[in-house]
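Working notes for the structure below.
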Amino acid sequence: QVQLVESGGGSVQAGGSLRLSCTVSRNILSLNTMAWYRQPPGKQRRLVAEITKTGYKNYVDSVKGRFTISRDNTKNTVDLQMNSLKPEDTAVYYCNGGTLENGGIWTNYWGQGTQVTVSS
């Protein structure tokens with residue numbers, strides 16, 4: 001049982017910034033990969049950024065240079081700093097943790113999501 005709770009969403013004008021935070025109820029080092037996904041209105045949920053416990057980071061092309069993912073293994077948090085926000089960034093943002101559990105099964109854990117709205 002793992003709980004992930006997102007915070008930091010809100011409404012901002014284009015060009016503004018927001019910082020999302022995900023708090024995990026267990027040691028995040030037990031999760032191989034932490035990530036942020038987003039689901040715009042009427043679209044599917046897709047990966048935005050991810051960070052492994054070894055520190056490797058990956059971003060979707062549309063946010064490179066604008067978003068930064070980070071993790072604090074002491075606080076068990078994963079943050080997403082979002083700068084130069086665009087209306088196309090409007091979505092519900094979800095925190096995700098993935099890991100192999102016993103039996104060799106890849107398991108994903110999800111937060112409830114936090115709304116980000118960017119106006120032009």
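Note that this is a predicted model, so its numbers are computed, not measured. Heads up: numbering here begins at 1 and tracks the sequence.
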Could you go step by step and tell me if Val24 and Thr77 meet the side-chain contact (heavy atoms from CB on, under 4.5 Å) rule?
-> CA-CA 6 Å; Val24 185; Thr77 58; over 6 Å; no
May I have the step-by-step check of side-chain contact (heavy atoms from CB on, under 4.5 Å) for Asn96 and Trp36, ending in yes or no?
-> CA-CA 6 Å; Asn96 166 271; Trp36 286 93; over 6 Å; no
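No donor-acceptor distance shorter than 3.5 angstrom exists from the side chain of Thr114 to the backbone of Ser7, with no hydrogens or angles considered. Looking only at distances, no side-chain donor or acceptor of Thr107 sits under 3.5 Å from a matching main-chain atom of Glu101. Of the possible polar contacts, none joining the Tyr93 side chain to the Leu80 backbone as a donor-acceptor pair under 3.5 Å is found. Using a distance-only test at 3.5 Å, with no hydrogens or angles considered, no donor-acceptor pair links the side chain of Gln39 to the main chain of Ala91. Under a 3.5 Å cut-off, the side chain of Ser25 and the backbone N or O of Gln3 do form a donor-acceptor pair. Proximity of a side-chain donor or acceptor of Arg71 to a complementary backbone N or O of Thr52 within less than 3.5 Å is detected. The backbone N or O of Glu50 lies less than 3.5 Å from no partner atom in the side chain of Lys57, so there is not a single donor-acceptor pair. The main-chain N or O of Pro40 is never found under 3.5 Å from a side-chain atom of Arg46 such that the two would form a donor-acceptor pair.
Put simply, OG1 on Thr68 and CE on Met82 are 11.0 Å apart, with the number rounded to the nearest 0.5 Å. Expressed to the nearest 0.5 Å, how far CD1 of Ile28 lies from OG1 of Thr33 amounts to 11.0 Å. Atom-to-atom distance recorded for Asn32:CG and Lys53:NZ is 4.5 Å, nearest 0.5 angstrom. To the nearest 0.5 angstrom, Leu85 atom CG is 13.0 Å from Ser120 atom OG. To the nearest 0.5 Å, the span separating OG on Ser62 from NZ on Lys86 amounts to 7.5 Å.
Chaining together hydrophobic side chains whose heavy atoms lie under 4.5 Å apart leaves Tyr56 on its own. Ile105 shares a hydrophobic cluster with no other residue; no ILVMFWY side chain has heavy atoms under 4.5 Å from its own. Here Leu100 is tied into one hydrophobic group with Trp106, each link being a pair of ILVMFWY side chains closer than 4.5 Å.
Every pair tested for disulfide (SG to SG under 2.5 Å) that includes a residue from residues 56-92 fails, sequence neighbours excluded, so the list is empty.
Side-chain atoms of Asn27 and Asn76, non-hydrogen and from C-beta on, do get closer than 4.5 Å to each other. Proximity of Leu47 to Tyr59: side-chain heavy atoms (C-beta onward) are nowhere separated by under 4.5 Å. Residues Leu31 and Tyr109 have side chains in contact (heavy-atom distance under 4.5 Å, counting atoms from C-beta outward). Residues Val60 and Phe67 fail the side-chain proximity criterion, which asks for heavy atoms closer than 4.5 Å.
Smallest separation of non-hydrogen atoms from Leu4 and Val2: CD1-CG1, 3.6 Å. Taking every heavy atom of both residues into account, Asp89 and Val118 meet most closely at CB-CG2, 4.3 Å. Of all heavy-atom pairs between Arg66 and Ser84, the closest is NH1-O, 3.0 Å.
In this structure, Arg38 forms no cation-pi arrangement with Tyr94, as its terminal cationic atom is not both closer than 6.0 Å to the ring centre and no more than 45° off the ring axis.
Between Tyr37 and Trp110, the gap from one ring centroid to the other is short of 6.0 Å.
For CD of Gln115, the number of neighbouring non-hydrogen atoms (other residues, nucleotides, ligands) closer than 6.0 Å is greater than 12.
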Donor-acceptor pairs under 3.5 Å, side chain of residues 8-22 to any protein atom, not counting sequence neighbours: which ones?
residue : atom : partner : partner atom : Å
Ser17   : OG   : Asn83   : OD1          : 2.9
Arg19   : NE   : Asp79   : OD2          : 3.0
Arg19   : NH1  : Gln81   : OE1          : 2.9
Arg19   : NH2  : Asp79   : OD2          : 3.2
Ser21   : OG   : Asp79   : OD1          : 3.0

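Legend: residues meeting side chain to side chain donor-acceptor pair (under 3.5 Å) with Lys64, ordered by chain and number and at least two apart, are Asp61.
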